[in-house]
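A short worksheet on the structure shown next.
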Amino acid sequence: MSFVEYGETIKDGDTAIVFLGHESMFPVKVQHGTVTQTKYGVIRHSTDLIGKKYGSRVTCSKGGWVFILHPTPELWTMNLPHRTQILYSTDISIITMMLELKPGSIVCESGTGSGSLSHALIRTVAPTGHLYTVEFHQQRAEKAREEFREHGVEHLVTVTNQDVCKNGFGVSNIADAVFLDIPSPWEAIGHAKSALKAEGGRICSFSPCIEQVQRTCLAMEEYGFTEINTLEILLRVYNVRTISLQIPDLGKAAEDNSSTGFDSSSPSHQGSPCANLQQGTVQFKSGVPLREVVGHTGYLTFATKS
Amino acid sequence: AMEGGPGARIREGDCAVLKRDEVFKAVLVLRRRKIIFEKQCFYLDNAIGHIYGTTFEVTSGGNLQPKQEVEETTTETKEAGTDNRNIVDDGKSQKLTHDDIKALKDKGIKGQEIVQQLIENSTTFRDKTEFAQDKYIKKKKKKYEAIITIVKPSTRILSTMYYAREPGKINHLRYDTLAQMLTLGNIHAGTKMIVMETCAGLVLGAVMERMGGYGSIIQMYPGGGPVRAATSCFGFPKPFFDNLHEFPLSKVQSLLSGTFTTETLASDPEENALVEEESNGLSEEKQTSLQEAEEEPATEAPMEINPTEEQDTMDINAEDVEFKENKEKENKENVREKQIKQWERRKKLQEAAALLREKNADGLIVASKFHPAPLLLSLLEFVAPSRPFVVYCQYKEPLLECYTKLRERGGVINLKLSETWLRNYQVLPDRSHPKLTMSGGGGYLLSGITVILEKGKSDSSNSEALKMEEPSSKRCKLQDLPC
């Protein structure tokens, strides 16, 4: 297994994802002799995991079961230990496409943070590309290096511990794309420009506040970037639910023994509701928006070096 | 091998994208071929050899000329007003008439100069606020400066272009939705992907771009053959197509039931490869005749009289493609050649079938005009466990059905129904605000992960099944009735 290559069976040393149910999962480091506690009981790595196929169901000691999944950058993003606020797959998706990333791309990123975007970038540029990621916090940089090693992708990434605003990315004139997620991106635009290849490189800056965006756009313009464009992307998730609505009692048309209110023998209208004739309800399937929707993460500003 | 390193150059035969502000158009780069774009007529000849990303001006002769970097006349403290309370829009503030402007254009005066003339001849210009002046200049520039940039095609460029120009061809798949699909599907190099799309080949192209030529793709197609009009716009190098396979949907059932055979390809609908959506009816006729022919296995293909017609639905000069294609046809009217082609096609079909039979694909992407449920339920059979799949639909309701059917089938977890909203912003000093919000019109996605399907056991892990239903009201007891 690695984050850039699928494997079929679970091996010692793999990072696997234990899936317990809707929105409930966690990563696990597979190791001979180790035991993992879950609310359904214990999972013994040696007997329950190693050698099993990814996608298998594993029954835990208390009888409940879980699924063991092959890791992907998206699953990692949902389950990684946060050292900083992270980017989620919705933003990561549009960043990847707008920066035109693909196998072989050279990308520069700062700050590395918790490595959420980093894993996604590495996956996209593999096997022939490279990620140069810069993190000014020493422990975070070290933790990132450790994770990349564990995840089998260390050959695709270089972590540098320095301040990108002062010292840049450590490379020049080779990057296809640069990504900035730092408090003062306008201070790094010059460095970004020198890291980028001569013509056609793309840049993206992520900032939660519009004031940061304004300063960054100004800096991009000053440094001669073109096609400067700011957007934000929002995810709307729907829960699929069977909804039952009661039919109101509208009384009788005339004084006789006809059915109360709603004529349950009339054909259903509207889409495909299933009338529950006995109970006076109509059932239908609906995609119900979640009550609390993730609002703003940040603004994404893209531009091209020409 | 990566196409286009730093500074890829425009070559004849390329598919290039013309860009002016936010308007894109894909064209085939051919000499002496008139292009019409944004009310401008010109030839691309002079662009050949330049680097992609170069900006050109259209000369009065209809040729392209690289735009010189002119220092923008920076505002020496220009005269400006404070607000518009006294500015009356009577349509008379511009002293130059239509004819005057036309005369300037005919004289070959550059756009920049025309804009300057318009400013000088506007009686109200100096009363406008600085912001209003900025806006005025931008508007005039947009109209009179014939600036065109030639950009290299990419998923970003083509998906934006198609959504703006021909959303119907791509089932209104908005580019941010496509972006989500590529990430949710974990599309990357070295995988074996199944793609089923009727988006003119745009989705296929996007997948191919993210795979970089590594791995393999089996494209499922309806009717006579896959439409790859948009795919050719990407300009992928030939090796990318070595591991691109195709397989007809009409053979999926036989493959799943084990009765698939390539023996009976009498009147092979695949002869007519690229079909326009409108002529789908035609290929369906051929299909029924094929089913009839399946009664007697044929070992020799009958002679094909009609040469294959490739009808492209690209946003490019249709004539060019036809011209190229016809020339090629002229040289291939040899019957023996046709028989060899027939044999090759059969061989390819068998290869594709063999790849599918392994039932170990690393993912599934569906984005079509068809109801997604039957596609999902059948094509998921070919996907390995613990792999992602993503289904796009222009409408939400069919995905609700898919969700329900998948729950009944089992073998999938982490189902998620979603859509994305996109908002872009104008960011200018003291003038920042949102511009356009795109919501609802970009389609919906259903994504999930496969797991090992064990018949007879529910995969809704433990209490998950209960989470599906709303809490019952006091009056009625809920039952999950089969709808």
Side-chain angles (χ1 to χ4, degrees), chain A residues 4-6 19-22 53-57 64-67 69-70 72 74 89-90 92-94 96-98 100 102-104 120 123-124 126-127 197-200 210 213-214 217 229-238 240-244 246 272 274 279 281 283 285 287 299 306, chain B residues 2 6-7 51-53 154-156 175-176 178-180 182-184 186 188-191 209-212 214 362 385-386 388 396 400 403-404 413-414 416-425 427 429 432 449-452 454 461-464 467-470 473 475-476 478 480-481 483:
Chain A
V4 295
E5 203 178 328
Y6 281 118
F19 182 88
L20 299 109
H22 192 59
K53 277 179 100 166
Y54 277 106
S56 295
R57 182 204 304 262
W65 64 82
V66 298
F67 285 99
L69 302 176
H70 195 288
T72 64
E74 288 59 57
S89 297
T90 311
I92 293 175
S93 304
I94 193 93
T96 307
M97 188 180 83
M98 298 294 263
E100 305 189 336
K102 56 198 175 205
R123 173 268 315 271
T124 301
K197 61 188 181 185
E199 176 64 50
I210 196 70
V213 175
Q214 287 173 311
C217 285
N229 169 237
T230 302
L231 56 88
E232 81 174 318
I233 185 164
L234 298 166
L235 180 70
R236 293 258 299 174
V237 179
Y238 297 96
V240 181
R241 291 270 178 275
T242 305
I243 306 292
S244 215
Q246 234 191 320
S272 57
C274 304
Q279 315 274 3
T281 60
Q283 272 195 3
K285 283 255 187 271
Y299 302 101
S306 42
Chain B
M2 289 306 305
I51 297 176
Y52 275 102
S154 65
T155 301
R156 167 179 82 98
Y175 46 94
D176 54 302
L178 176 58
Q180 302 302 313
L182 297 170
T183 299
L184 289 171
N186 192 19
H188 65 282
T191 51
E209 187 183 79
R210 291 280 273 264
M211 289 178 64
Y214 299 95
D362 293 312
S386 192
K396 205 203 295 184
L400 297 177
Y403 184 101
T404 307
I413 53 163
N414 211 31
K416 193 171 81 168
L417 176 62
S418 64
E419 69 167 331
T420 42
W421 289 16
L422 202 60
R423 199 174 208 194
N424 54 27
Y425 288 78
V427 178
S432 300
I449 304 175
T450 55
V451 289
I452 293 178
E454 289 166 50
S461 303
N462 311 308
S463 58
E464 191 175 346
K467 291 187 190 150
M468 272 185 59
E469 306 300 338
E470 285 284 310
S473 71
R475 287 235 174 158
C476 8
L478 282 179
D480 199 339
L481 298 176
C483 289

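Sequence lines set the chain letters: A, B, ... in the order given, protein chains first and strands last, and positions in each chain run from 1. As a basis for the values below, the full set of heavy atoms in this structure was taken, side chains included, without hydrogen atoms, waters or symmetry mates.
The heavy-atom pair separating A:Ala126 from B:Ala189 by the smallest distance is O-CB, 3.5 Å.
By number of non-hydrogen pairs under 4.5 angstrom with chain B, the leading residue of A:Pro127, A:Cys217, A:Ala120 is A:Pro127. Looking only at heavy-atom pairs under 4.5 Å with chain B, the residue among A:Glu100, A:Glu5, A:Lys53 that has the most is A:Glu100. Chain A forms the most heavy-atom pairs under 4.5 Å with one residue out of B:Ser154, B:Pro388, B:Pro429, and that residue is B:Ser154.
For chain B, the nearby parts of A:Ser56 are the backbone and the side chain; heavy atoms of each come within less than 4.5 Å. Using a 4.5 Å cut-off between heavy atoms, B:Leu422 touches chain A through backbone and side chain atoms alike. Interface remark: A:Glu74 contributes side-chain atoms only to the contact with chain B (heavy atom separation under 4.5 Å).
Here CZ of A:Phe67 is found 6.5 Å from CD1 of B:Ile413. Values are rounded to the nearest 0.5 Å. Atom CG in B:Asp176 sits 7.5 Å away from atom CE in A:Met97 (nearest 0.5 Å). Between A:Ile94 atom CD1 and B:Leu178 atom CG the span is 9.0 Å, to the nearest 0.5 Å. Separation of atoms CG (A:Leu69) and CG (B:Asn414) is listed at 8.0 Å; rounding is to 0.5 Å. Expressed to the nearest 0.5 Å, how far CD1 of A:Ile233 lies from CZ of B:Arg423 amounts to 14.0 Å.
A heavy-atom distance below 4.5 Å is not found between the side chains of A:Arg57 and B:Ile452. Contact of the A:Thr96 side chain with the B:Leu182 side chain is not registered, since no non-hydrogen atoms from C-beta on lie closer than 4.5 Å. Two residues are said to be in side-chain contact when any heavy atoms from C-beta on lie closer than 4.5 Å; B:Asn186 and A:Tyr6 meet this criterion. Here the side chains of B:Thr155 and A:Lys102 are not in contact, with every heavy-atom distance at 4.5 Å or above.
Side chain of B:His188 to backbone of A:Val4: a donor-acceptor contact under 3.5 angstrom is found. Although no hydrogens or angles enter the test, the distance criterion places a donor-acceptor pair under 3.5 Å between the side chain of B:Ser386 and the main chain of A:His70. Remark: the backbone N or O of B:Thr404 is not paired with any side-chain donor or acceptor of A:Lys285 at under 3.5 angstrom. Looking only at distances, a side-chain donor or acceptor of B:Gln180 sits under 3.5 Å from a matching main-chain atom of A:Thr90.
Using bins of under 30°, 30° to 60° and over 60° for the plane-to-plane angle, the ring pair A:Tyr299/B:Tyr425 lands in the perpendicular bin.
Partners of B:Tyr52 according to the ring pair (Phe, Tyr, Trp, His ring centres under 6.0 Å) rule, which considers only residues two or more places apart in sequence or in another chain, do not exist here.
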